[in-house]
Amino acid sequence: MISLPVVLTAAALLFAIGVYGALSQTNAIMVIMGIELMLGAAMLNAVGFMRYAWPDAASGAFFVLVVMTLMAVEATVGFALVIAAFRNRRTAELDDLTELKG
Amino acid sequence: MTGALLWVTVALPAGAAAAARVAGRRTGWVALAGAGAAAVPAWALLVAAAGGGAASSTFTWLPAAGGVDVGLRLDPLAAVMSATVATVGVVVVLHAGGYFANDPRAPHALGGLLAFLAVMQGLVLADGYLTLLIFWELVGALSARLIAFNRDDRTAAAGAVRAFLTTRAADLGFYVAILALYAGAGTLAFGAQRPGGALGALVGIGLVLAAMGKSAQAPLQTWLAGAMAGPTPVSALLHSATMVAAGVYLLIRSDALLAGWPLEVAGWVGAITAVAGAAVALAQRDLKRVLAGSTTSQLGLMFVAAAAGAPAVALFHLVAHAAGKAGMFLATGIFQHERGSTELADLRGAGRDDRAAFAGFAIGALSIAAVPPFAAFWSKDAIVGAAEGHPAWVLLVLIAGAGSAAYLLRPALVLGGERRARGKGKVEGGTEASSVGAPGDRAAVVGLPGRGRMLVATAALAVGSVALGVVGAPLANLLDLPVPQVSLMSVALSLAAVAIGAGAVLVALRAPTALARAALRQLYASELLRAVVQRPALAAAALLDRVDARGVDAAVDGVARGTLRAARSQRWVEERGIDAGVDGLARLVGRGGAGTSRLQTGRLHEYLRDTVLGAAAVGAVVALTALT
Amino acid sequence: MSDLATALVFWPSAAIMLVTGLYVFRTSSMARAGLLLLASLGIEGLIFLSLASEFLGVLQLLMMSGEMVIMVFFMVMFMADPGGLMGMDMTHDKRRSAAVAAGVAAALGAVAVATDWPGAVVTGAAPDIEQIGFEVMGRSMLSFLFAGMTILFAMVGGILLAKHGGRLGIPAPAGEPRDEEGAGAIGSALAGGEAGVEPGVEGEPEHPSHGSHAP
Amino acid sequence: MPLLTLAVTIPIAAAVLAAALPARLERAPQRIALAASFLALACLLATWARFDPDRGMQLVEEATWIPSLDVAWRLGVDGMALALSAMSAVLFVASAIYGVGPRPLTRAAAALILLLEGATLAFFLAQDFFLFYVAFDVSLVAMYFLIALWGGEQRRYAALKFFLYTLIGSLPVLLGIIALFLASEPQTFDMIRLAEEEPFAGTGVGASLVFLAFLVGFAIKTPIVPFHTWLPAAHVEAPTTGSVLLAGVLLKLGTYGLVRVNLQMLPDAFAKYALPVALLGLLSVLYGALLALAQSDLKRLVAYTSVNHMGYVVIGVAAAAATGISSKARELAVDGAVLQMVAHGLVTGALFFVAGFIQTRARTRDLGRLGGLFGPMPVYGTATALAFFASLGLPGLAQFPAELQIFLGTFEVYPAIAALAAVGIVITAGLFLLALQRAFLGETPERWRGLPDLGTRELLALVPLLVLVVALGVYPRLVLDVISSGTWLLGGG
Amino acid sequence: MTVADMKEMEERMIADLPWLSPIGALALGAIVCVVLAIVLPRGRQGLVGAWAAGAHLAAAGLAAATWLDRGFRVTMEGIFVVDGLALVLTGLVGISGALCIALARPSLAGTDREGEFYAVLTAASLAAAVLGAAADAALLAIALGLSSIASFVMTGYLRGAPRSNEASLKYYVYGTVAGATMVYGLSWWFGLAGSTDLRVVGEALRDAPDAAVIASTVLVVAGLAYQASLVPFHFWAPDAYDGAPLPVAAYLSVLSKLAALVALARVLALALPDGTAGWPTAIALIAAATMTLGNLAALPQRNVVRLLAYSSIAQSGYLLMGVAALEGSDQGLPALVYYAIAYAATNLAAFAVVLAVARERRSVDLDAFRGLGRSHPWWTAVLVLSFLSLLGLPPLAGFVGKLEVFRAAIDADQAWLAVVAVVNTVISLYYYLRVIAPAVLDPLPPGPAPRALRGASLPIAIALLGAATVAIGVGAEPLLDLADSSTMLMRGG
């Protein structure tokens, strides 16, 4: 059946997929997607823990709420930034953002 | 009481110097009064010493490490020296009053002479080597100042510099000797035992070297000839009678300390110098330089005497020589005024023009040439006698004796010879006083301002040259030293030497040309010193300067690259100089900086990747530390 | 929910979640990627439900549907080739990224499996909605308020960054002397010495509203 | 009355006052500078009167500052501090009299000189490392501006070199101070306690590193060859007063630190490294002398002789470090080293004045171009000769007893080094005599015939220094009785 | 939980409200800012700034009042700690935030989103204050989130400038990845403890399996370390500082960073009591890496902002020494607190001058600083003081700060770290001098005189910050007392 390590492993894989996305994508939007997945993995962890270890730990549920909030607000700001970037450069390719370095 | 007298002896001439500086037109008489007054305590000291008195007045000068004292002391040797200095001083100051009668800078000169007397008194009365060194150096500095009295004269300036530098270089020995003595014996007092081993060697070598320098012993004699560019009274006082005798005084004073091989060395130096000085004197064309060579030679004889275990004889000869040689100088001063030159060629017949001065000159010359019964005859005979144990020294002394007869007869013949019509003497070189005019103008000679005073002074010393022959034994008694014995043998030998020397001149036996040229040029001692000391020092200085200007690191880079870079002028030096230190050190670090800065590629995904790897590394480290 | 039911929902859901998540980054179409992400995170909501966190699961579904719709809009608006018609590659450094991600997965997964997690091993329970309510309105009140602040300022910030033109839509009065010092100075400060570059607000591109379909 | 505090604060307050003056009061800055420097000197002389040579550190004035770090306003004197601070105060008075260049002091110049005075006095009097270091750096800044604002043609280059070298030199000092602080127990910046407790006793790695840090810092300041290359440039370009203060006062910061810190607080480590340090000192002596010999610029020449003379100090301190506790040689060497610092300050101050005077008259300091100066300027010539002879170590003048004591003390430890160092006095004799011959003797060329002799202000600045030089040479116990290194060298107070 | 429990809790929380007044002021200030920004006409947006600054100062004042009147307390059922550390941070945030507004105002005046900028800045300050006081994983996550978001927005404020945009976007991606990582780690902590309360977490982690503890800790640290720009989580910082408006860079380098460091200290101390999993060593290693890399990377920079960015990374390393010493020494926390205060003043001063120069000369290249001393002596003075303070020279703030962290490191048996820091200090001299030297030493380059700047807020801020840089060092005692009495409540559960 299902047990805590199974859930956690699924979350770890989801997190790793998110990491892969953040690392491999050239487009800012795609990277944001990766980050969303990473946050989703964190939520899955918390839910798993509540189910299999701490059924009374409402703070975990609140933690998940917070993560959802973060997902939303970070996406908001991220998109706003992408719009601004696009206005300036007509692209949201991160590989073009190499003026600042050294 | 006596202690205070010691200080007064030193202080009086110093005070007189100050008075003479401000005395204006009357400076000659003020100076004379000062010198005379200063002689009183000096003679009082001699009287006290003769009465068996001894005193010491010291105080702690350097308080560290239990204290190092300085001070003055009275003992027979000091008293004799002090009286000699004071007496010669009075006479020379008297003479100088005349010599500088028309010179607006007379106060300067007379003040200098009196100041010199003060420090010379300090030198002879010093108690302990530290005090001796202090006055020893001061004497040297004042000597330079007096030589360079005529400041428009380049030769005089050069002579002053050379005199000071040569003696100071030799004084290095004095310094080292003092250091070694203090380290070895723990004291700088007279009468300390020479420490053993290397320290003792340093003491011995050092003191002998210092004495050689001061007394112008070969090969350091050349400065004395250069010093002749100074005013003649200065030459009389400093460079014949007193200051140059300080080396001999040091040997006598350090008799015990230097016993053994150091004195042996000094003896050899003296004997050789005696001959060399004679040779040099024989070849000179300038009267003062003749006398300088003679002084070197005679001081060499004193070295021999001191080394041969007869300090009393050395002192005897010192006193006798002081009277004779100073007298000759003073007479020369008169001739110089009359002819405006001291070149022998210009002085031809000067003695005929001024017979009184010539008489003074002649008496001094006879004494120095060891003609009986003048003073130096007795002292020189005593030297020959004292050196009996060293046949080689005896031989050299005799040769020097013959030489002295020869080199003194030569100028005497010139002075007393026929006048030769000639224009006004060369004015360059030692012409600080106004010359009177053409040779043969006897009226002008008699009317020479100050001549009276100069003559009186010369005469006083002539009297000394006659009378001082008798002081040998009393001196020895006073110093509690063996009385010099004058043997028939030595008398005969020295007389023979004198005769040979005089005869050689009379038959105009000429020395081989090469030797004469060498003698004229101080036997190439200057060249030797220049090659061994001066040139290397200057070359090293210039080299280091070049190296330093390019920054110390340039030296490391090697000469080849250094010369290449020299082409690139000032700009390069600037940049290199400033940045070399900072940049050079930071280059390595800077490379690290560039490396870390290269991590910052500007590409975000690389940042993230590197971050994950870094975090993994941190995790690994934490895991390692946690598990161990 | 019983263990079996949980298992029945969890396994396929998890599989779909991971596969769709992975394919977000394997498609060449940004629109598709957005939809896949929506699917993945939506499915995650299902998993929440299966793990007895009904409230959170529902919330997740609602949030994701809203959010993902917006995201798709963005993609259409701004991305080169939103439909993936050109088949262009949107990745870089794929191999190393994959390796790193695999390493992360391996490390986290290994720790997750190997660790003897504490806490009661219970079945079928999770904090119920009342507990969550007490939590939110009680102990975590401050955090909750703070989350609200965060949302507010994310909105403010988002508008600040994204909105084009004059302040709050009110166009700048015509002819008003503009203080060029302000924007210009900052601009040059950022330009790091490239004086003359005046990236003032007015210098923005006029209508960046759609991507160019450049060949 | 807190005399030491006043001696430090009066100049600083006066500096602020001078800087704040309205520009139209043209003569006021000079008067303020004079008054303040005289007051500071008076404070130190009053301290001198109250000073008891038989006790070590004394008359300590202490006010809490940062008790948590045991940082306090601690001023105190022992023989070395008193002698050096008094000497500095004298030089500052002379500088205030002379001004910068031929003109009276401007506001900025007065403020900088007074700031420099406050900083250097604070440095010598400080018994707290915090204050010590701050003073060290402030003096650097003030001197930098003196050079940069009133220097010669290449003043920027010289000032930069000076600034970089000495700032870089001050960093190791700071690190050393931090190390001493951290190693002390309980941690303190109190120099008196650090000297007593010697947190880095022994010759371990830590002690060696701390020792080297201080050594490098002070070696640059002193300067010891091969860290000396900033010195000639700075001196040549600095204005007269800047040179006087740089050579007379600022160089002493290095050697003072060498004694105060390296010798007093790290004696074991110093004993271990005494020989290399002494060899560096010897190198400085000979190298400096030979370089000076090669110079034709009078200021450069004097600058290099400073390297030479400070080399003697280094040798003496190293010799003292090498000897065991309370040996005769140690006392002699340190007494000599401190006296040498005082004497060199006065003598070199006088020498740079002398060089400056001719610069303002003849617009050159090139010995090759000068000549026969005795003729038109007898007073100047005499003063110069006196200063030259003092600098070459003639007995009867200030540097002789100092150098002699250093030699006496060193010879017992390093006879060869002492003997070789004595060669330096011959070389310096040579270079000074040659300079005298070239610039002052011989016939006066036509272009120098009209040079005016020294004026009142110049004499007022110069003569006191020369008088002190003679007085110290004749009776060195004037200062030696106060220095009495035996009482403080081993800590305690 | 019963309704009665609920009631009781409610009363407790209401009683806690006075302790929340500082962050209340910030929250209220931020919200009112939004309203004002909407309401006020464009010409009056400056008033929003004034209001925001007032809110900051009110927060600082309330923090001081809380410290003095009410003492320390754990509030809000344990999730929000009002202790010395938190109050100092709040005070710092208040004062520095107000100063940042003063710095930003001249640049912002007349731009189109001025009011909103102040609102966002105030929100960032609120987040910073909460971050430093959070003792609950959820609050920590959301506080870091708001802090990050507000920072991104401020960085990207110049929407028209590609560099600002680039900086913001990079910062955003990097920051959100790091934040997500932290959240993931926090979720594990929750799993290990069954609560998001960090105190409970601390109890649980004591005995939890090592692998899970280590892995989750690394993940959590990543989030905070990124905002504190610690190696290897620093990559965003140079680019973001470089591209951001300079006042924002100043804000990020001081407030965001200090808040993150304080949060790091609190989280580690609470969640990993007694050095669980050996974190002090790991943190010490990170500190060493951070200061070394920061200093090395700063060496080749020609862009002064980037140079300052790397310098501030290096400073994070020094600050982190205080965190590393938390467990090993009682001095760790005071050192952190004092250094934070010193760093805030110093770094803001440096940025303020750079900002002024950038505005006047339109460049932040090293060359733009040439001859600054001629045209702007006071700016230059503050620049030099702040750089030397960053370097750590007495008597400036940075010196005492460095001393404190060195002390703490040695007391905590991390002497090696102090040695690394010393070596780093030496390295850093080079790049600080690279800016100072041309500013002080070079002449003004030829060219048209730059326009004089209008407005008083920037000069006043520069003067205040310069004075603070000196005063915090010279008058360190009260602040050291403050640091000593600042405590961390709930340590170790």
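Note that the structure is predicted; figures quoted are calculated from it, not measured. Residue numbers start from 1 in every chain, and the chains themselves are labelled A, B, ... in the order their sequence lines are given, proteins ahead of strands.
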Best-contacting candidate, [options], against chain C by heavy atom pairs under 4.5 angstrom:
| options | result |
| --- | --- |
| A:Ala72, A:Ala11, A:Ala58 | A:Ala58 |
| A:Val47, A:Thr69, A:Leu8 | A:Val47 |
| A:Gly40, A:Ala84, A:Pro5 | A:Gly40 |

Starting at [atom1] of [X], measure out to [atom2] of [Y] and round the result to the nearest 0.5 Å.
| X | Y | atom1 | atom2 | result |
| --- | --- | --- | --- | --- |
| C:Arg95 | A:Ser24 | CZ | OG | 13.5 Å |
| A:Phe63 | C:Glu135 | CZ | CD | 12.5 Å |
| A:Leu14 | C:Met17 | CG | CE | 4.5 Å |
| C:His92 | A:Leu23 | NE2 | CG | 7.5 Å |
| A:Asp56 | C:Asp128 | CG | CG | 8.5 Å |

Is there a side-chain contact between [X] and [Y], using heavy atoms and a 4.5 Å cut-off?
| X | Y | result |
| --- | --- | --- |
| C:Val24 | A:Met30 | yes |
| C:Leu41 | A:Leu37 | yes |
| C:Asp3 | A:Ile2 | no |
| C:Phe144 | A:Leu65 | no |
| C:Met63 | A:Met71 | no |

Donor-acceptor pair, side chain of A:Arg87 and main chain of C:Ala162, under 3.5 angstrom: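 Yes: the side chain of A:Arg87 pairs with the backbone of C:Ala162.
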
Most contacts with chain A, counted as non-hydrogen pairs under 4.5 angstrom, among [options]:
| options | value |
| --- | --- |
| C:Leu108, C:Leu161, C:Val104 | C:Leu161 |
| C:Leu160, C:Val111, C:Leu59 | C:Leu59 |
| C:Ala98, C:Ala14, C:Gly157 | C:Ala98 |

Does any backbone or side-chain atom of [X] lie under 4.5 Å from a heavy atom of chain C? Answer side chain, backbone, both or neither.
| X | answer |
| --- | --- |
| A:Leu4 | side chain |
| A:Ala41 | backbone |
| A:Asn45 | neither |

Identify the heavy atoms of [X] and [Y] that sit nearest to each other, and give their distance.
| X | Y | value |
| --- | --- | --- |
| C:Pro127 | A:Ala57 | CG-O, 3.4 Å |
| A:Val6 | C:Trp11 | CG1-CH2, 3.6 Å |
| C:Ala154 | A:Thr76 | O-CG2, 4.1 Å |
| A:Phe62 | C:Ser143 | CE2-CB, 3.3 Å |
| A:Arg51 | C:Leu51 | CD-O, 3.3 Å |
| C:Gly109 | A:Ala12 | N-CB, 3.9 Å |

Under 4.5 Å from a heavy atom of chain A, the part of [X] involved:
| X | result |
| --- | --- |
| C:Ile47 | side chain |
| C:Ser53 | side chain |
| C:Phe48 | both |
| C:Glu44 | side chain |
| C:Thr150 | both |
| C:Leu37 | side chain |
| C:Leu22 | both |

C:Phe153: ring pair (Phe, Tyr, Trp, His ring centres under 6.0 Å) partners, not counting sequence neighbours: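 For C:Phe153 there are no ring pair (Phe, Tyr, Trp, His ring centres under 6.0 Å) partners, ignoring immediate neighbours.
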
Stepwise side chain to side chain contact (heavy atoms under 4.5 Å, CB included) check, A:Met43 with C:Leu56: CA-CA 10 Å; A:Met43 292 193 291; C:Leu56 296 177; over 6 Å; no

